[in-house]
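Accompanying notes for the structure given below.
Order of the sequence lines fixes the chain letters, A, B, ..., with proteins taken first and strands second; residue numbering starts at 1 for each chain.
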There are 2 protein chains.
Amino acid sequence: MRYFVAVAEELHFGRAATRLHMSQPPLSRAIKQLEADIGALLFTRSPVGVTLTPVGTVLLDEARALLDHADRVRVRVSAAAGVATLTVGILGDGTDPGVARLAAAYRRDHPGVDIRIRDTDLTDPTCGLRAGLVDIALTRAPFDETALTVRALRTDPVGVVLRADDPLARRDRLRLADLSDRRWFQFPQGTDPLWQSYWNGGRPRAGPAVRAVQECLQAVLWSGTVGLAPLGHDLPAELAVVPLIDMAPSRVVAVWNEGDTNPLIRSFVEIAITAYRH
Amino acid sequence: MRYFVAVAEELHFGRAATRLHMSQPPLSRAIKQLEADIGALLFTRSPVGVTLTPVGTVLLDEARALLDHADRVRVRVSAAAGVATLTVGILGDGTDPGVARLAAAYRRDHPGVDIRIRDTDLTDPTCGLRAGLVDIALTRAPFDETALTVRALRTDPVGVVLRADDPLARRDRLRLADLSDRRWFQFPQGTDPLWQSYWNGGRPRAGPAVRAVQECLQAVLWSGTVGLAPLGHDLPAELAVVPLIDMAPSRVVAVWNEGDTNPLIRSFVEIAITAYRH
DNA sequence: TGCAACAATACCCACAGGGTATCGGCGTTG
DNA sequence: CAACGCCGATACCCTGTGGGTATTGTTGCA
């Protein structure tokens, strides 16, 4: 299940394998075996890329829910066994090494606490905070903040992601008006409106609906849409990012449920604040 | 998880192993490893018997729910892949070979259908029919039949289960009145009232609350309570069963949700009827 | 003080699931 | 248009998990 979700989110066997800390051939074999067990193909493989079949789409939702459930069982049973757990939600693929160092620092200071990192896709900036999937989220504003406590950590300037061969990609800065005739990728309906509107620059020119970082990049690469991203992340060579000068910078924040009195949250936020103020 | 649930339900490593179609030592080792992973003991082992620790009790509920969830994922994904599934609920430990033969007969007649047998504990005579855990239940009356369709299959005379050294165990038949001074085991609160009242002969003299067949037998063996059971099942040598002559016989029935138009249900019921009319 | 019951231990074996090296098919490019 | 590069599939190896049998250890019980 974890293997399948990784491939479905990356839409790329090689990348999924590195994310799972394993090599590509056993991953291919495992997926093949899963497909044999189910009796249907889960992915369409083509050299241009991997996509989900209808059966795969069904399984992706089910598998995510099942893995969430299993995680909650672990937390509850650990709690019954007297081991405190703090679940931290982060947005997108957890390749950001900053979070790993943060977690390591926290583990050093609180040896008895079991700290878990939970990646979420881009459709919920609160990382499932309201649903109880995480205790605290390290994420980006803006989103509906009712019943949540938000603490600012950092701001990042924002740029537009384009194909490297796009005429605009050679400019050293852009305005939103320069992109008025472009199609923007959207998030699926049901996504927080503030979030949705921020990341498509307030434009309703709907392109494909994406859920994950890799899907965003693929949307730009394949269907020629444009999308926004915070600066300072590495991109594949076929993509370029150009700073936007009339866009409010992206605020990195820590969020937790307003009434949550778990003392581990406070101490984690303290460590996060000092870590982000480098 | 499946191993743990089996041991927790049988409260006996050897029996759990046979139920899991494996031998006892690897099962012991697997549980030990699970306990190491969790960081707490799940069972208290003593030669007089195995009991759940508080952590084990928590895990039992969680593990049951998680296994149910996983089962439903399998069914839904199979459905998306075009494979029809029929889930049959049966009560108690599925050691009854009759059900296995029934399932085999059905598989022969309907090769494309994936038929699953799901054991349930004794606290829900409908085997989770209303919750959608099963499509059809082979179980025993009586229970609340609203919104359910019930089809009679057979009746079994009922007897009382006693310790073999109980004075009453030597009698060749008993009346309910002979047991008026005994404590009866109960089912946990929330259990269907009709069901509960039938199996304790209408007596409210509460003994321990049990969930599974093995717990019933242990309750009789250890705490000296009495309980009813249909005749014709083998019991351990320390227990005896004496026919009750003033007790309505137990009705074996097939049940399904009233509005369920799944044609597989009808055909399964047909096969069940002919199989039970031997 | 044996004896019976039952979980734990010791030890063995097979295969699932990991790894590396390589192939094949299909775009891209000079 | 041929050579190359990307990426998933295949071939093959090797370790460790998870199954098995035989035996021990402990504890009530006769």
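- Taking atom CD1 on Ile31(A) and atom C1' on dA9(D), their separation rounds to 14 Å, with Å as the unit.
- In terms of phosphate contacts, Arg45(A) brings a side-chain nitrogen or oxygen within less than 4.0 Å of OP1 or OP2 of dA9(D).
- The shortest distance between the side-chain N/O atoms of Ser28(A) and the OP1/OP2 oxygens of dA9(D) is below 4.0 Å.
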Would you sort out whether Arg171(A) and Asp178(A) count as a salt bridge (Lys or Arg N to Asp or Glu O under 4.0 Å), showing the intermediate values?
CA-CA 11 Å; Arg171(A) 309 268 285 273; Asp178(A) 298 322; 3.8 Å; yes
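- Nucleotides of DNA chain C that come within less than 4.0 Å of any heavy atom of chain B span, from the 5' end to the 3' end, dC6(C) to dC11(C).
- Listed pair Lys32(A) / dG8(D) fails the phosphate criterion, with no side-chain N or O lying under 4.0 Å from OP1 or OP2.
- Straight-line distance from the CE atom of Met22(B) to the C1' atom of dG20(D): 10 Å, rounded to whole Å.
- Note: CZ (Arg29(A)) to C1' (dC12(D)) measures 10 Å, nearest angstrom.
- Among all heavy-atom pairs drawn from Val210(B) and Pro188(B), the shortest one is O-CD, 3.1 Å.
- Between Arg45(B) and Glu35(B) a salt bridge is recorded (basic side-chain N to carboxylate O distance below 4.0 Å).
- Comparing Pro26(B) and His12(B) against DNA chain C, the residue whose closest nucleotide sits nearer the 5' end is His12(B).
- The separation between Leu34(B) atom CG and dG18(D) atom P is 12 Å, rounded to whole Å.
- Salt-bridge formation is not detected for the pair Asp166(A)/Arg163(A): no Lys NZ or Arg NE/NH1/NH2 atom is positioned less than 4.0 Å from an Asp or Glu carboxylate oxygen.
- In this entry the distance linking CG of Leu11(A) with P of dC7(D) reads 13 Å, nearest Å.
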Working for ring-ring contact (aromatic ring centres under 6.0 Å, His included), residues Phe43(B) and Phe4(B)
CA-CA 10 Å; Phe43(B) 298 103; Phe4(B) 167 74; 5.4 Å; yes
One pair to check against salt bridge (Lys or Arg N to Asp or Glu O under 4.0 Å): Arg15(B) and Glu9(B). What are the steps and the verdict?
CA-CA 10 Å; Arg15(B) 277 198 302 267; Glu9(B) 281 175 358; over 6 Å; no
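- Counting non-hydrogen atoms under 4.0 angstrom, Phe43(B) reaches nothing in the nucleic acid.
- Tyr106(A) is linked by a ring-ring contact (aromatic ring centres under 6.0 Å, His included) to His110(A), Phe268(A), counting only residues two or more places apart in sequence or in another chain.
- Counting to the nearest Å, the P atom of dC7(D) and the CD atom of Glu10(A) are 13 Å from each other.
- Distance CG (Leu27(A)) to P (dA9(D)): 9 Å, rounded to an integer number of Å.
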